[in-house]
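Just so we're on the same page: letters track the sequence lines, and every chain starts at 1.
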Amino acid sequence: MKWYGLIDCDNFYVSCERVFDPSLENVPVVVFSNNDGCIIARSNEVKALGIPMGAPLFKYKDIIDRKGIKLFSANFSLYGDMSKRVMETISMFVKDMEVYSIDEAFVNFREMSTEMYNMALKIRVALKKWLGIPVSIGIGRSKTLAKIATHIAKTRTGSHVFLLLEDNEPLVLKDYPVGEVWGVGKQTKKLLSRFGIRNTLDLREANIRFIRSLLGINGVKLVREVNGEAVIGFEHRKFPKSITRSRSFKQPIEDINLLEAAIKRYVEMATEELRRYNLCAGRLAVYISTGEYAERKYSRSAERKFEVANAYTEEFMKISSLLLKRIFKGGYRYKKAGIILSDLSPCTNKVFSDLYENRINRILTEAVDKINSKWGKGTVSSVFSSIYKGRIEDEERRRASFHYTTSWKELVVVKA
DNA sequence: TCTGGGGTCCTAGGACCC
DNA sequence: TCTGGGGTCCTAGGACCC
């Protein structure tokens, strides 16, 4: 019998901050997104105050001040590096794992239940001791059941490990709202509740043909998963299927030239990432939006397929302007813009055709990459990058912690 | 006044083809 | 007067996830 385990870091971003500043232990801490935007991680103390995930900061300013909540700007290079260490540590204990997100990994267990439980405890202790990161671990007959088990594990303040055995499933699922199930969002929850399906046991016992007609093929998978049938397997992707770069602007933008600079800046960032993977992209999409809360809403996207996939910044910049001109409408206050590279594939020699233009692009791109890898990120960048930094990006990141693990300058120093 | 960023998968309608 | 059916590709957008 194969079991699915999910190892989920507790309040991951907050935990990362706490590793390097122990004074944050047992005090309320939040990590927030760009532009003092919204809360993307909360410590247990903050959760207990009833501040929800994704809450805009301005709405909770009062309580944050009153309770002395510690604020941090997101420090993704730190979190990414800590994540890598967590995943490496887990892989020392298990043969088969899937890195599911920055703070979660699925693992397979084949042992008997008591052995599994002990193994989970061992992993948990190792992560806490070696890295200082607390985790919760849930185990069940499918990925979806493991997700539910993990959710329950978080509330088990003692062990933080929960084994969802077949005998216990009916009891547990009856108390588990269907809206909390992995893959059931707002819309699906609303739809299901209209037909009296409110808890996960209801879902499990629903007529499969009815579900098929209501939710499509994914609904069928969902029901089978909560029935303990493992239909969602492990994925081991070597590279992403798309690369996005986008930002919300603090000040809305009305000027197409400024939007163009932003778009080209994102193209520059995304193509850098593309080349890091040695990938070429066959498709570029550009989108702009006034944001959901605007009085006059407008949002459009446009895309272009390339005859030959490539990885040249210049090439994508050129097309991005054309696409932007196609979707831009004057008189709107744009709050967000972004680009997406897709149809990604490993670069082949075909790309480096002898077209004059491509040869120039290639030489330029390679030179830029070489300089930046030797002298540091951003040593040379496009003119749009400086326009962007000067006129659009005004983020100070005052509250960001140091790059403790990824910058020599910001290493922790231990004084004797 | 002020609401993130990066992903995956699915669907629906139109164009086009045989 | 009567005007098919099915497949594929493209584009745009929606739902969901962390």
Side-chain angles (χ1 to χ4, degrees), chain A residues 6 8-9 11-13 30-42 51-62 64 72-76 79-80 83 98-106 143-144 147 150-151 179-192 214-222 232 235 237 239-252 266 269-270 273 282-295 297-306 323 326-327 333 335-344 393-395 397:
Chain A
L6 176 66
D8 188 344
C9 301
N11 318 327
F12 184 55
Y13 300 164
V30 302
V31 175
F32 55 82
S33 62
N34 274 337
N35 303 334
D36 293 11
C38 51
I39 293 167
I40 57 174
R42 304 159 295 158
I51 299 179
M53 180 68 171
L57 208 60
F58 71 88
K59 270 195 190 166
Y60 292 87
K61 201 90 189 83
D62 268 6
I64 285 168
F72 285 89
S73 309
N75 183 348
F76 287 111
Y79 310 151
S83 170
E98 174 195 346
V99 177
Y100 175 67
S101 75
I102 192 163
D103 68 337
E104 287 168 89
F106 283 106
K143 274 182 159 181
T144 306
K147 270 269 181 191
T150 305
H151 199 167
E180 305 278 304
V181 176
W182 189 41
V184 178
K186 254 182 161 167
Q187 303 303 316
T188 308
K189 178 189 165 186
K190 219 163 79 186
L191 205 58
L192 287 172
L214 197 67
L215 305 177
I217 187 71
N218 284 332
V220 175
K221 276 192 191 168
L222 194 67
I232 306 175
E235 280 201 49
R237 248 197 278 276
F239 53 82
K241 293 190 156 181
S242 66
I243 295 173
T244 300
R245 284 297 174 273
S246 70
R247 291 290 177 277
S248 295
F249 312 126
K250 184 139 198 174
Q251 296 297 328
Y266 304 147
M269 296 195 285
E273 175 83 351
R283 191 181 291 265
L284 166 70
V286 169
Y287 66 90
I288 51 177
S289 160
T290 54
E292 263 187 76
Y293 308 95
E295 234 170 71
K297 276 194 278 190
Y298 174 78
S299 96
R300 281 286 178 285
S301 73
E303 60 178 2
R304 167 76 73 86
K305 203 174 152 56
F306 287 70
L323 292 172
R326 218 161 82 195
I327 56 179
R333 294 159 54 82
K335 270 294 273 184
K336 189 176 179 181
I339 69 110
I340 303 167
L341 301 176
S342 54
D343 283 4
L344 309 186
E393 183 182 66
D394 64 346
E395 161 196 25
R397 292 178 47 80

**Prompt:** Below 4.5 Å, heavy atoms only, C-beta onward: do A:Pro52 and A:Tyr60 meet side chain to side chain?
**Reply:** yes
**Asked** OP1, OP2 of B:dT8 versus side-chain N and O of A:Ser242: anything below 4.0 Å?
**Response** yes
**Item:** Sugar-phosphate only, base, or nothing, as touched by A:Val31 at under 4.0 Å among non-hydrogen atoms
**Value:** nothing
**Prompt:** If you draw a 6.0 Å radius around CZ in A:Arg333, do more than 12 non-hydrogen atoms from other residues or ligands fall strictly inside?
**Reply:** no
**OP1 or OP2 of C:dC18 under 4.0 Å from side-chain N/O of A:Lys147** = yes
**Message:** Classify A:Glu104 by what it touches in the nucleic acid, base, sugar-phosphate, or nothing, heavy-atom distance under 4.0 Å.
**Reply:** sugar-phosphate
**Asked** Looking for any heavy atom pair under 4.0 Å, which part of the strands does A:Ala302 touch: base, sugar-phosphate only, or nothing?
**Response** sugar-phosphate
**Nearest-nucleotide comparison on DNA chain B, the residue closer to the 5′ end among A:Gly216 and A:Lys241** = A:Lys241
**Asked** Which class fits the ring pair A:Phe76 and A:Tyr13: parallel under 30°, tilted 30 to 60°, perpendicular over 60°?
**Response** perpendicular
**Item:** Any A:Ser246 side-chain nitrogen or oxygen under 4.0 Å from OP1 or OP2 of B:dG6
**Value:** yes
**Item:** N/O donor-acceptor pair under 3.5 Å between A:Asn34 side chain and A:Arg247 backbone
**Value:** no
**Prompt:** On DNA chain B, nearest-nucleotide positions of A:Pro240 versus A:Phe58: which is more 5'?
**Reply:** A:Phe58
**Fill in**
From CZ of A:Arg300 across to P of C:dT11 the rounded distance in Å is 16 Å
**Message:** Measuring from the side chain of A:Trp182 (C-beta onward, heavy atoms only), which nucleotide among C:dC17, B:dG4, B:dG6 has the closest atom?
**Reply:** C:dC17
**Message:** Rounded to whole Å, please give me the gap between CZ in A:Arg245 and C1' in B:dG4.
**Reply:** 14 Å
**Per A:Ser301 side chain, nearest of listed nucleotides C:dC18, C:dG13, C:dA15** = C:dG13
**Request:** Please indicate yes or no: is the ring centre of A:Tyr293 less than 5.5 Å from the centre of the six-membered base ring of B:dT3, with the two planes inclined by under 30 degrees?
**Result:** yes
**Asked** Do A:Trp182 and A:Ile232 come close enough that some side-chain heavy atom pair is under 4.5 Å?
**Response** yes
**Request:** Could you state the atom-to-atom distance from CD of A:Glu295 to P of B:dT1 in whole Å?
**Result:** 11 Å
**Asked** Atom NZ of A:Lys186 and atom P of C:dA15: how far apart are they, to the nearest Å?
**Response** 11 Å
**Request:** Please determine if a side-chain N or O atom of A:Ser101 lies less than 4.0 Å away from the OP1 or OP2 oxygen of C:dC17.
**Result:** no
**Message:** It should be established whether A:Ser248 places a side-chain nitrogen or oxygen under 4.0 Å from OP1 or OP2 of nucleotide B:dG5.
**Reply:** yes
**Prompt:** Among B:dT3, B:dG4, C:dA12, which nucleotide sits nearest the side chain of A:Lys59?
**Reply:** B:dT3
**Asked** Does a side-chain N or O from A:Lys250 land closer than 4.0 Å to OP1 or OP2 of B:dT1, or not?
**Response** no
**Message:** Tell me whether A:Ser289 contacts the main-chain N or O of A:Lys336 through its side chain, where contact means a donor paired with an acceptor under 3.5 Å.
**Reply:** no
**Request:** Would you kindly give the CG-to-C1' distance between A:Leu57 and B:dT1, to the nearest whole Å?
**Result:** 14 Å
Hey, can you pull the donor-acceptor pairs under 3.5 Å for the side chains in residues 239-246 of chain A, sequence neighbours left out?
unit_1: A:Ser246; atom_1: OG; unit_2: A:Tyr287; atom_2: OH; d: 3.4

**Request:** Could you run through DNA chain C and flag its stems, i.e. three or more consecutive Watson-Crick or G-U pairs with both distances under 3.5 Å?
**Result:** B:5-18 with C:5-18
**Message:** So if I take every side-chain heavy atom of A:Ile243 and compare against B:dG7, C:dA12, B:dG4, which nucleotide ends up nearest?
**Reply:** B:dG7
**Asked** Picking from C:dC18, B:dG5, C:dA15, which would you name as closest to the side chain of A:Tyr100?
**Response** C:dC18
**Request:** Output yes when at least one side-chain N/O atom of A:Arg304 is less than 4.0 Å from OP1 or OP2 of C:dT11, else no.
**Result:** no
**Item:** Closest heavy-atom pair and its distance - A:Ala302, A:Arg326
**Value:** CB-NH2, 3.8 Å
**Request:** Measure from CG on A:Leu215 to C1' on C:dA15 and round the result to the nearest Å.
**Result:** 12 Å
**Request:** Would you indicate which nucleotide in C:dG13, B:dG5, C:dT11 comes nearest to any side-chain atom of A:Arg283?
**Result:** C:dT11
**Item:** Nearest-neighbour nucleotide for the A:Gln187 side chain, C:dC16, B:dT8, B:dG5 considered
**Value:** C:dC16
**Message:** So, does A:Asn218 get its side chain near the phosphate of C:dC16, meaning an N or O under 4.0 Å from OP1 or OP2?
**Reply:** no
**Request:** For residues A:Glu104 and A:Leu6, determine if any side-chain heavy atom of one lies less than 4.5 Å from a side-chain heavy atom of the other.
**Result:** yes
**Gap between atoms NZ and C1', on A:Lys61 and B:dT3 respectively (whole Å)** = 15 Å
**Prompt:** Atom CG of A:Asp8 and atom C1' of C:dC18: how far apart are they, to the nearest Å?
**Reply:** 9 Å
